[in-house]
Amino acid sequence: IKAIFDHNRSRRTQNKSTCHQETINLLSIFANISQRILLYHSAMEEQQKSASDAVVRPFIPEKPSPLFIKGAQEVVRAQLASQNHLHLDDNDLAILDSIPAGSGVILAPNHADETDPRLCLELSRRSGKRFISMCNREAFDELFGLAGFVLQRLGHFSVERGAHDIEAKEHAVKVVARGEDALVIFPEGEIFYLNEIVQPFHGGAVDIGMKALIDRRKADPNWSAYIVPMAIKYHYPEAIDTLLERRVTRMESHLLIPH
């Protein structure tokens, strides 16, 4: 890493005309480092799970509260209006509206940032549909369980990441088969912070959709389920060079690289 940063620092001092290329190089460095850190973190989690026979944490179902959901939607709506500019094409919104009532719906967005669930909440408000979402099991234990209480009321149920969580999968099938709510699944499985690149999808969304279809068609041969792909993309409208330089300097300080 030091060699890469030293190389880029020396190039930045040569000529201002190389600024654009340096920005691309820095973005590439950030993407590579982020991906390596995430892969290392995932590998360590898998190693810890296989190394110890930890007590299996209980599955936590959603307990959606219209009051909680409405309140959260208004908060998110205000946040997005004051801090961001959200673009949602009317034609895209019409796709959700065109799905026949009572059908199974799985919404499958990419997972680029922690803001993604808030965007889904705003989409739920605009579409008038209630979303039920998978959420990593450890999130429910944060803040001494208070986070779990809120997550349940917002329509989230737990899933063990990196494990074959049969109970969560069967519950997801029931959510789709009911045909009342849209199930939100992030097929990439984790946040990779790669706004320009979509990681390979896991097969869970398709498996859940097919299982729900098979189960419901035993009683109703004409029942249908839909998987709706959703693309989330973030744009930074201002010049990013200064921000990148500042963050590279901070990273160098943490890595004890001399300036």
Side-chain angles (χ1 to χ4, degrees), residues 59-70 72-73 76-77 80 86-113 115-136 151-159 161 165-191 198-233:
F59 169 76
I60 301 178
E62 76 282 358
K63 296 180 180 179
S65 164
L67 182 62
F68 267 74
I69 293 173
K70 180 64 176 177
Q73 286 175 339
V76 168
R77 179 183 185 182
L80 292 176
L86 176 63
H87 173 72
L88 175 62
D89 194 280
D90 290 338
N91 292 326
D92 293 332
L93 190 59
I95 293 175
L96 282 179
D97 294 334
S98 67
I99 296 176
S103 301
V105 180
I106 298 176
L107 190 63
N110 59 307
H111 209 356
D113 192 81
T115 308
D116 298 345
R118 289 194 291 165
L119 296 179
C120 289
L121 199 59
E122 173 65 5
L123 178 59
S124 172
R125 184 189 69 81
R126 295 195 187 187
S127 66
K129 298 181 183 294
R130 189 169 70 180
F131 291 174
I132 303 298
S133 306
M134 284 185 168
C135 182
N136 65 81
L151 287 171
Q152 284 183 280
R153 271 69 191 173
L154 293 178
H156 297 276
F157 65 90
S158 68
V159 61
R161 293 189 300 178
D165 194 337
I166 297 176
E167 191 169 4
K169 185 175 181 180
E170 290 178 347
H171 184 79
V173 170
K174 292 177 182 178
V175 171
V176 178
R178 283 199 303 263
E180 298 174 356
D181 306 303
L183 176 67
V184 178
I185 299 178
F186 293 97
E188 290 173 295
E190 293 187 36
I191 304 175
V198 176
Q199 298 300 301
F201 285 2
H202 297 283
V206 175
D207 292 342
I208 290 167
M210 290 301 298
K211 185 66 168 58
L213 191 67
I214 292 171
D215 289 351
R216 276 297 303 269
R217 284 196 171 181
K218 293 176 182 177
D220 183 1
N222 295 319
W223 188 82
S224 295
Y226 300 83
I227 297 179
V228 183
M230 173 179 166
I232 300 175
K233 186 174 177 64

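Considering all non-hydrogen atoms of both residues, A205 and I106 come closest at O-CD1, 3.4 Å. Among all heavy-atom pairs drawn from C120 and P109, the shortest one is SG-CG, 4.3 Å.
Take Q73 and apply the side chain to side chain donor-acceptor pair (under 3.5 Å) test, not counting sequence neighbours, and it matches S124. Under the salt bridge (Lys or Arg N to Asp or Glu O under 4.0 Å) criterion, R217 pairs with no residue, sequence neighbours left out. Scored by the salt bridge (Lys or Arg N to Asp or Glu O under 4.0 Å) test, R125 finds E122 as partners (sequence neighbours excluded).
Using modelled atom types, no side-chain atom of Q199 and backbone atom of E188 make a donor-acceptor pair closer than 3.5 Å. Checked by atom type and distance alone, the side chain of D215 never pairs as donor or acceptor with a backbone atom of A212 at under 3.5 Å. No donor-acceptor distance shorter than 3.5 angstrom exists from the side chain of D92 to the backbone of L88, with no hydrogens or angles considered. Although no hydrogens or angles enter the test, the distance criterion places a donor-acceptor pair under 3.5 Å between the side chain of S158 and the main chain of I60.
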TODO: Could you walk me through whether L183 and F157 pass side-chain contact (heavy atoms from CB on, under 4.5 Å), step by step?
DONE: CA-CA 11 Å; L183 176 67; F157 65 90; 3.7 Å; yes
Task: side-chain contact (heavy atoms from CB on, under 4.5 Å) between M210 and V206, worked out - done: CA-CA 6 Å; M210 290 301 298; V206 175; 4.2 Å; yes
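Note that CG of L123 and NZ of K129 are 10.0 Å apart. Values are rounded to the nearest 0.5 Å.
Legend: salt bridge (charged side-chain N to carboxylate O under 4.0 Å, His left out) pairs involving residues 93-106, not counting sequence neighbours: none detected. Listed by first then second residue, pairs satisfying side-chain hydrogen bond (donor to acceptor under 3.5 Å, both in side chains) with a partner in residues 167-181 read E62-H171, R130-D181, not counting sequence neighbours. Listed by first and then second residue, the ring pair (Phe, Tyr, Trp, His ring centres under 6.0 Å) pairs that reach into residues 92-112 are H111-F186, sequence neighbours excluded.
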